[in-house]
Structure formats: structure tokens, C-alpha cells
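By convention in this document, chain letters (A, B, ...) are assigned in the order of the sequence lines, proteins followed by strands, and residues within each chain are numbered from 1. Treat the numbers as computed from the prediction; the structure is a model and nothing was measured.
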Protein chains: 2
Amino acid sequence: MSPFSDKREETVSVLGEKALIKAIQAWTQPIGLAAPEGIGDDCALIHIEQPGKHLLTTDGVIYGCHFDHTAAADLAGEKLIKRNISDIAAMGGTPQSALVSIITSSHLKTNWLKNFYQGIIRVAKRYGIHLIGGDVAEGPKDYFSGHMTLMGKVKKPILRQHAEIGDSLWVTGTLGGSILGHHLNFQPRLDEGKWLAEHGRVTAMIDITDGLAKDLPTLLQNKQVALLELDGIPICEAAYELAKQTGKPPVEHAFCDGEDYELLFTLRESVELNAFKRAWEKQFKTQVQCIGRIQESGEKHSLLNAKTGKPLPTWYGFEHISS
Amino acid sequence: MSPFSDKREETVSVLGEKALIKAIQAWTQPIGLAAPEGIGDDCALIHIEQPGKHLLTTDGVIYGCHFDHTAAADLAGEKLIKRNISDIAAMGGTPQSALVSIITSSHLKTNWLKNFYQGIIRVAKRYGIHLIGGDVAEGPKDYFSGHMTLMGKVKKPILRQHAEIGDSLWVTGTLGGSILGHHLNFQPRLDEGKWLAEHGRVTAMIDITDGLAKDLPTLLQNKQVALLELDGIPICEAAYELAKQTGKPPVEHAFCDGEDYELLFTLRESVELNAFKRAWEKQFKTQVQCIGRIQESGEKHSLLNAKTGKPLPTWYGFEHISS
């Protein structure tokens, strides 16, 4: 359903800014904090009672880019908050407080926007996240984007670039074909990320948003390459389905599609693979798969086929800014 | 100068996302923190060493709304960060860390964007603000917006709704006509806001963004009205100039134009007006003016003329979402 309407009475233009902000406050009341801790003052006020480590991330969803007219409004809202939660998950943290801003054409349907916020609220409730502020601004015709800043806390953050030679490489869930639905209905791996951070032997972690082919190299440091067991790559059913349409091999979809929102992490060489997998399976229904190891190499190519020792085909992940 | 170009070689589309992010990291290196505290991991990591109060705010600038082709790119960047600093100033806080995100048409001029960031950097350096993260996303043709999340700290936050009956009402600087230049070249009243917060007898404070007519009522609580000395309203030269074009009285521009980014605050009834003004003038060149008092009233109208006791004409501030 298009978010926009030419019937003025259906759109936010009837409300004007003041009434629209009041409507948003009413819709989000179940997760909203009142000023000064929440919505209604110049800034949100955050009381931090104990010294510690906090996380701050920001991400958005743009109509026509991260979702389109085929997406239900509430799923677009869910996607906004889940994308941000996934970033917190990838550091092993817990989300706490969110700012939500929108930029919108004045002919956005009021009901569409209400449903967008309902999606945010549903997920925020599930994870105990409070809405503490935000902003509303007018954009050009047919434009809508939602933006979130999410703050969280973390005991022992898992960083990107702490993998060591010999570490095993793991991925949660399955990869590829996200455009067929997963990009909207994924579950951020928050519990999994926290458990991994507490496990103590995870050396590096990220969430896969641009695709394994593009995100995995960001884990690697100087002289590190990833030796990948291609048979072990967990390919999503949707990747097989999409491959029928595109004619590409399903594994290419698993490497390149992006928007998997799965965790990619490394475990110390000393961790016994089967023991780790058994411990994981006691905790989670989400599958986990060892897909290779970090090795030392002078190779220019950072992704190598473990069987042949040769570089993977030159696949590319999403290029978000293209000509 | 238009931010966009049809000559592909001048635009960010030549770079692609990865190279664009690298370019932004290079440009912002003077104020950037490296991962994990800054740019480069899934979230920014913030170490908070002592319990205390923190502030979080978010605001953006949209091409065609908050600036247009007549604005220099660096001034658009300055405006983005100064709008956010002004929110921190209005709570009496100190800004510390920023996330900066952009949404852009792929035919944005690379050089324009570089200058946009130069403006951000110039102001960030002046106030000791670090860049700790952000995001880059592609928007529709001819679209550009920049977004900031600004975090700060505060000892004694000054809130919006703590004014009491009898408090005097004050405003910094002069008001009106901001479209003639002030909306880009204003100075956020950060030192003034901090000094006021420490002064101990400021009861409420906000920054004027939507215009006095719209922002002043947000300071008032139930049964409070503002009794205004219209002769005392500090009208900007630009308001007089604009009035010649519009035929409206300059005072209407002072009340309604918005984007003044001046502080509006209340002082306890016990504070002697002249003594306060003398203390202020020892600190600041910025002018300050008492414009009225808070009174109790059952009146529906919240802004009254002190001379006549009658409601002010029905003026309206900006309506950001209009039909």
C-alpha cells in the first residue's frame, strides 16, 4: 500500500506539525517517557547511576530504498527499530532508549504513519526499549524516511577487529534471498549476541547487513584472510528460490544479497567446535554454523576457498550509493 | 550553488558507498574518534566514568527546507551542528559526542559534501565535540539531508516547565527576520545557557526555533499566562528589513518567524532585574532583555499584552508540516 494519498483529509497535512506531534505522542504513549527524561523538552535527560560502558548507534529506513509500497507500514516500522537493535546485538549489548525522527511528504497518510509507529512500539515493548525523543520534519513530495538513534549498555563489548590467526569463523541463521521477505521479518539476534559476549571466547563480531562478501572483510586485520568452507555456508531457502529467477548460484546470493541481520563472529582457536555447538544448541533454536577459519597470509584477496586455497569469485555486496 | 550535478565525475556516484565512507572518515579525521569509541564498529562505545546526567538530542537539515541553493555548503553543515548545540544550550549542558548521518541523491557533488562536513568540523572543533559515528544512505534524485544525534552532559538541567507565577521572562539577542541570514550564521548560546544553569535562579529555559509566539506557550503550565511588554521585545534589524517587503509589522516577524536560536528563560520573582542584567553584562556581549512576567490566569489565551491585559493578535509560528 502506498504511504501517500492525494485525499488531503487522509494525510498528515490536515493535522499540521503541532497536532501531528501530539498524535505521535499519543500513539507512542505505551513506550514513551515523559519530559524531562523523554519527549517534550529540548533534549532527553538520561540519568546514569553507575560508571560503565554505553553504546550509541543510528540507522534509518527510506521509502523506495529500505522498503516500498509492497511492505505493510507496521513492518517498515519494525524494520527501523530491528536494524538498530541488530547493531547493539553485534556488540553484545542491551538496548535501552530510542529517539525516533521522521521526514515526510505532507501527503503521507496519517493512518499509514500510525501503523508505522505501531510496528516500532511492538518491537520496543518486546525488548523493553523506551522512546525518549525525536523530531518531525517535512520532506519533498513522495518522500518518507524514519530514523532512530538507539542507546544501550554493554558489560563486555565485542568489537570488530579483535580476531586472531587460527580463530574459527561462525554465522547464525541462514543467508541470502532476504529481498523475498527476510529483510522485513527478521529477528535481531539480541539474546544470541549477549550470550556470545558473556561466553568469553568470542574475539570479534558484526551483524551481516551488506552481505557476507562485503562484511566479512571488515572483521579481518592486516595479513588476515578468511579460509572458507563453501559447503558449510548456511544458504537460506529464499536464496534457492531467488536463484531460480536470477540464474545465479544460490551461494552467490548467500554471499552478496545482504540484509541478513545474522551475527558473524570468531571464536578463539582453543574452543572445541562441537562442544561450542552443543552449548549453543542448549540455549537457542537459532542455528549456528562454523564456516571457516582466520589464517595468516600475504594474499591480496581476503576470502579464500578452504578446499582449493584460491580466492573466491569476485562477488560484491550491496553498493548503497550507485550511479 | 546547487548541491547536485549531472556531471557524473563530480558526484558521489563515482565513489560508491565504500569509498564515500572512507572519504568522509578522512575529511572528519580532525574531530573523529577511531573505533570502538568512534567510527568503524557497529555502534560507538561510550565510557561513562562517573554517575551523572546526560543529554541526548537529534535534529537535521533538509535541502529545500532548512537551506537551499543560495546557502554555502559549509554554512549548511554549520547549521546542522549548531541546531543541535542550541538544544543542549537550552538545557544548560555541554555537548560532547556526535553521530552524523546523511541521506543523499547519488548525483550530489562530492566537493559540496566535503564543504558541508568542513562546516560541521569547524563548529565541532570550536566546542570540543567529537564525531563518534553515523550512517550514509541513498535518497531520491535532488534530495539531500544531514542528521545529527548529539550527546552531552549537564550538572543541573534547566527544564521547560518549571516556571512559577511571578517569574520574570527573558530573551537573549534579537528576534525576527532570520530568513535574511541569521538562520545560517547564528551562534548557539552555549556559554550563556551554561552560565544561566549555574546561576541557580533560572526556573525554565528553551531555545526559540519556531518563533516566540509558538515556543513561549510551551514554557507555560496550567493556569499560567505570559504578560508581555511589547515595547521590550528585542526586534532584530532583519525583522525591520523583512517588514518592508511583507508589509507586516516588525514585531509580528519577531514573534512568528522562528529560527532565532535565542534562549528564552524565566527567573525567580525574587531576582532583582537590574542586578541580574548587570551580572549578565559582565559575562556576555550578547544582549539580554526582560520581556514580561508569568501570571496566573484562567484565560484561554496564553500571551497577553501587559499594557492592556488583552490577548495578543493571533499570530502563528512556523507550521513545518503544511498542506
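- Within 6.0 Å of NZ on B:Lys155 lie no more than 12 heavy atoms contributed by other residues, nucleotides or ligands.
- If you measure heavy-atom distances from B:Ala35 to chain A, you find no contacts under 4.5 Å at all.
- The number of heavy atoms from other shown groups lying within 6.0 Å of NZ (A:Lys22) does not exceed 12.
- When each of B:Asn84, B:Ile88, B:Leu45, B:Ile48 is scored by its heavy-atom pairs under 4.5 Å with chain A, the top score falls to B:Ile48.
- Of all the listed residues (B:Ile103, B:Thr11, B:Asp59, B:Asp135), the one sharing the greatest number of non-hydrogen pairs under 4.5 Å with chain A is B:Ile103.
- Remark: the backbone N or O of B:Arg160 is paired with a side-chain donor or acceptor of A:Asp41 at under 3.5 angstrom.
- Only the side chain of B:Met151 has a heavy atom closer than 4.5 Å to any heavy atom of chain A.
- Proximity to chain A is absent for every atom of B:Leu108, based on heavy atoms less than 4.5 angstrom apart.
- In terms of heavy-atom proximity, A:His66 sits nearest to B:Ala137 at CE1-CB, 4.4 Å.
- In this structure the side chain of A:Cys43 reaches within 4.5 angstrom of the side chain of B:Met91, judged on heavy atoms.
- Between B:Pro157 and A:Pro36, every side-chain heavy-atom pair lies at or beyond the 4.5 Å cut-off.
- Contact between B:Glu17 and A:Asp210 at its shortest, heavy atoms only, is OE1-OD2, 4.3 Å.
- Screening A:Thr57, A:Thr149, A:Leu150 for a side chain to side chain contact (heavy atoms under 4.5 Å, CB included) with B:Thr149, the sole residue that qualifies is A:Thr149.
- Formation of a donor-acceptor pair under 3.5 Å by the A:Thr58 side chain with backbone atoms of B:Ser101 is not found in this model.
- Contact annotation for B:Thr218: neither backbone nor side-chain heavy atoms come within less than 4.5 Å of a heavy atom of chain A.
- Within 6.0 Å of CD in B:Gln50 there are 12 or fewer heavy atoms belonging to other residues, nucleotides or ligands.
- At most 12 heavy atoms of other shown residues, nucleotides or ligands fall within 6.0 angstrom of atom NZ in B:Lys153.
- For B:Ile62, the part sitting under 4.5 Å from any heavy atom of chain A is the side chain, from C-beta outward, and nothing else.
- Residue B:Leu56 touches chain A through both its backbone and its side chain, counting heavy-atom pairs closer than 4.5 Å.
- Contacts of A:Ser145 with chain B are made by side-chain atoms alone, with heavy-atom separations under 4.5 Å and no backbone atom involved.
- Heavy atoms of B:His147 lying under 4.5 Å from chain A belong exclusively to its side chain.
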